[in-house]
Amino acid sequence: MDTRLAIAPRSCDAPPRVQDAYQVGVMRRAVAAKLRCYGLNMLIDEVLLIVSELLTNAVLHSGTRQVTLSLHLEHGVLRIAVADGMPGRAPRKDVDGEAESGRGLALVDALVHENGGRWGTSRDGSETWCSLVVLPEQP
């Protein structure tokens, strides 16, 4: 699955356009359907949270006009990638209990490690990716 989303660059701290935020939900539903086709129902919740966080970061922070979501299953590894084409890494933040945002990459990190995977960014920071080890479902 490789899907491109057209988005509007944001200015300063302006919220994203409603249609851009809506596309994150549309992509979540498409990913859930793809995971069902792969027979990976047991990973739907975790993967949807990862996809939401990575896409939302791209929509909010990239300043670009296009974001690409990729989802591929090969040799027992599910690879998820979000590319925005903009160099630069999103730093993982340490946030306190009162903060309203800033936990996304910490959640991604925890979910990826819980599922025996890895995550990172491309050399130039224009893509954030993760890979999850897919274990066979137990009867």
Side-chain angles (χ1 to χ4, degrees):
M1 171 181 177
D2 293 296
T3 305
R4 289 190 178 129
L5 310 173
I7 61 172
R10 291 186 15 183
S11 58
C12 300
D13 289 332
R17 294 182 315 168
V18 171
Q19 56 267 47
D20 294 340
Y22 178 76
Q23 288 187 83
V24 174
V26 170
M27 287 297 93
R28 284 173 44 94
R29 289 186 291 281
V31 166
K34 189 67 166 177
L35 292 172
R36 285 186 201 95
C37 288
Y38 285 154
L40 299 178
N41 295 4
M42 71 287 205
L43 285 178
I44 289 176
D45 291 339
E46 290 92 338
V47 171
L48 292 186
L49 183 52
I50 291 167
V51 165
S52 291
E53 292 301 333
L54 297 183
L55 281 175
T56 298
N57 278 353
V59 168
L60 291 177
H61 305 298
S62 71
T64 189
R65 295 183 183 276
Q66 181 174 286
V67 174
T68 302
L69 169 66
S70 300
L71 181 82
H72 298 279
L73 177 63
E74 291 182 10
H75 309 294
V77 175
L78 181 69
R79 186 173 194 284
I80 305 159
V82 172
D84 58 28
M86 298 297 288
R89 289 173 173 46
R92 186 174 151 192
K93 298 177 185 177
D94 291 323
V95 295
D96 63 31
E98 301 297 316
E100 292 184 18
S101 65
R103 293 179 182 83
L105 292 178
L107 286 171
V108 169
D109 183 61
L111 290 169
V112 167
H113 285 100
E114 180 180 299
N115 287 283
R118 301 178 319 134
W119 77 279
T121 59
S122 60
R123 284 187 186 203
D124 68 354
S126 65
E127 178 182 85
T128 303
W129 59 269
C130 68
S131 58
L132 306 177
V133 175
V134 177
L135 301 174
E137 276 196 81
Q138 302 299 318

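The first residue in the sequence is number 1, and the count goes up from there. Note that this is a predicted model, so its numbers are computed, not measured.
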How many angstroms lie between atom [atom1] of [X] and atom [atom2] of [Y], to the nearest 0.5 angstrom?
| X | Y | atom1 | atom2 | answer |
| --- | --- | --- | --- | --- |
| L40 | E46 | CG | CD | 11.0 Å |
| M1 | K34 | CE | NZ | 8.0 Å |
| S70 | R4 | OG | CZ | 9.0 Å |
| C37 | L73 | SG | CG | 11.5 Å |
| L71 | Y38 | CG | OH | 5.5 Å |
| L49 | L43 | CG | CG | 12.5 Å |

Problem - Intermediate values then yes/no, side chain to side chain contact (heavy atoms under 4.5 Å, CB included), T68 and L5 - result: CA-CA 6 Å; T68 302; L5 310 173; over 6 Å; no
For the side chain of [X] and the backbone of [Y], is there at least one donor-acceptor N/O pair under 3.5 Å apart?
| X | Y | result |
| --- | --- | --- |
| S122 | E127 | yes |
| T64 | D84 | yes |
| D20 | A8 | yes |
| Q23 | V18 | no |
| N115 | L111 | yes |

Practice task
Specify the closest pair of heavy atoms between C130 and V112, including all atoms of both residues, with the distance to one decimal.
Solution key: CB-CG2, 3.7 Å
Practice task
Check whether any side-chain heavy atom of L54 lies under 4.5 Å from a side-chain heavy atom of L105, and answer yes or no.
Solution key: yes
Practice task
Can you establish whether the number of heavy atoms outside R118 located under 6.0 Å from its atom CZ is more than 12?
Solution key: no
Problem - Presence of salt bridge, E53 and R28, under 4.0 angstrom - result: no
Problem - Shared hydrophobic cluster, I50 / V77 (ILVMFWY, side-chain heavy atoms < 4.5 Å) - result: no
Problem - Transitive ILVMFWY side-chain link W129 to V108, under 4.5 Å - result: no
